[in-house]
Asker: 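Got a structure here, written out as structure tokens. Questions coming.
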Protein chains: 2
Amino acid sequence: MQQTIIDTLKRNQLSITDSRKKILELFAKANGALAHFDIEHQSGAEFDRVTIYRTLQTFVEKGIIHTIPSADNSIRYALCKEDCAGGHHHDDHVHFMCDSCGTTYCLDHVNVPQLDLPKGFRAVQTDVVVSGVCSKCAGA
Amino acid sequence: MQQTIIDTLKRNQLSITDSRKKILELFAKANGALAHFDIEHQSGAEFDRVTIYRTLQTFVEKGIIHTIPSADNSIRYALCKEDCAGGHHHDDHVHFMCDSCGTTYCLDHVNVPQLDLPKGFRAVQTDVVVSGVCSKCAGA
DNA sequence: AACTATTTTGCAACATTGTTGCATTGTATT
DNA sequence: AATACAATGCAACAATGTTGCAAAATAGTT
């Protein structure tokens, strides 16, 4: 995994630093999306808050991660698929936020249908955020 | 319009206060959604920040306004349709955020298609946020 | 392996956004 | 008009995000 992480950084012309490796590792391990808060805690005060902010910004710009809209004022981030690069995201996929456990899933296999927008509106990106109960919580 | 606003407050068993009237008026005049920031500025330092926060909270609880997910850490609010009440929102409609002018539209007439979620996932609410260029900016 | 240019980090300070407790004020009801 | 209740404003605080700059780490070159 370490190698994959280093490859990802190199592919995006980013220098290999401890914080970037660690944060990418957290994303790889996470089964869902992460907020700044999660990263700050899961990395165990290893890095400065500012470093985390800047690292996340850099990753978004490079198209390594993408932001997920939410209605609760905490931006969540998740790994992008391969075809995002240089800030041009193609993540028209569905996100699911579980009201019970709080996990945010990227449902890559659910495709976002074409929408009939009113005359004159041109869509660049479509985000779908579904909230409800996830399979893990429903089974329990 | 004043009468409509007062009716709305009465219908929701809220006492008629200056701040509630003013904030509802701002929503009625706005052609899109408003963030706390917008309200604070458009009301011209007339009310305390805390009052605005609490008023927005109250309105959301009563189903007068609803929140719109966004990826930029500023919750936006918009007026609900008639059938939202008591915190039970039925706003499965499409929101459009213009990258050019920043306006957030509620596209009430664009219906949200049914999604095929993976086994075990139960959807309670679906939010669709489209970003791009609105008709006003495209025409200019 | 050492040197150097460049990038990244950590710190400090600050700005913005959101929350809570409590005394004061305003609203609704009798 | 008097009372009970709810809402507001203030202060203080907590959380989140940003900026400038010196110190440290990285990458490329010799």
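Residue numbers begin at 1 in each chain, while the letters A, B, ... track the order of the sequences.
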Asker: Measuring from the side chain of A/Gln57 (C-beta onward, heavy atoms only), which nucleotide among D/dT18, D/dT8, C/dG18 has the closest atom?
Answerer: D/dT18

Asker: What is the distance from NZ of A/Lys10 to P of C/dT7, rounded to the nearest Å?
Answerer: 18 Å

Asker: Kindly point out which of C/dG18, D/dT18, C/dT20 is positioned nearest to the side chain of A/Arg49?
Answerer: D/dT18

Asker: Take atom CG of A/Asp48 and atom P of C/dT7, then tell me their distance rounded to the nearest Å.
Answerer: 21 Å

Asker: Rounded to whole Å, please give me the gap between CG in B/Asp72 and P in D/dG17.
Answerer: 11 Å

Asker: From D/dA7, C/dG18, D/dT16, pick the nucleotide closest to the side chain of B/His36?
Answerer: C/dG18

Asker: Identify whether any heavy atom of A/Arg20 sits under 4.0 Å from a base atom; if not, whether one sits that close to sugar-phosphate; answer base, sugar-phosphate or nothing.
Answerer: sugar-phosphate

Asker: Please determine if a side-chain N or O atom of A/Thr51 lies less than 4.0 Å away from the OP1 or OP2 oxygen of C/dG10.
Answerer: yes

Asker: Specify the separation, in whole Å, of atom CG of A/Asn12 and atom P of C/dT7.
Answerer: 16 Å

Asker: Are the ring centres of B/Tyr77 and B/Phe59 closer than 6.0 Å?
Answerer: no

Asker: Between A/Ser19 and C/dT9, is there a side-chain N or O to OP1/OP2 distance below 4.0 Å?
Answerer: yes

Asker: Under 4.0 Å from OP1 or OP2 of C/dT9: is there any side-chain N or O of A/Thr17 that close?
Answerer: yes

Asker: Could you report the tightest heavy-atom contact between B/Thr103 and B/Asn31, atom names first, then the distance?
Answerer: CG2-OD1, 4.2 Å

Asker: Pick base, sugar-phosphate or nothing for B/Thr58, based on heavy-atom distances below 4.0 Å to the nucleic acid.
Answerer: nothing

Asker: Quick one: is A/Asn73 getting a side-chain N or O under 4.0 Å of the C/dT17 phosphate, OP1 or OP2?
Answerer: no

Asker: By nearest heavy atom, map B/Ile16 and B/Phe37 onto DNA chain C; which one lands nearer the 5' end?
Answerer: B/Phe37

Asker: 5'-most contact on DNA chain D: A/Arg54 or A/Ser15, nearest heavy atom basis?
Answerer: A/Arg54

Asker: For B/Lys62 and D/dA6, what is the distance between atoms NZ and C1' respectively, to the nearest whole Å?
Answerer: 12 Å

Asker: Roughly, in whole Å, what's the span from NZ in B/Lys21 to P in C/dG26?
Answerer: 13 Å

Asker: Provide, to the nearest angstrom, the distance between the OH atom belonging to B/Tyr53 and the C1' atom belonging to C/dT17.
Answerer: 4 Å

Asker: Decide if the gap between the ring center of A/His95 and the ring center of A/Tyr105 is smaller than 6.0 angstrom.
Answerer: no

Asker: Walk me through whether A/Phe96 and A/Val129 qualify under side chain to side chain contact (heavy atoms under 4.5 Å, CB included).
Answerer: CA-CA 6 Å; A/Phe96 188 95; A/Val129 184; over 6 Å; no

Asker: With DNA chain D as reference, determine whether B/Asp18 or A/Ile75 sits nearer its 5' end, using the nearest nucleotide of each.
Answerer: B/Asp18

Asker: In whole Å, what is the span from the CZ atom of A/Phe47 to the C1' atom of D/dA25?
Answerer: 13 Å

Asker: Counting heavy atoms not belonging to B/Asp108, are there more than 12 under 6.0 Å from its CG?
Answerer: yes

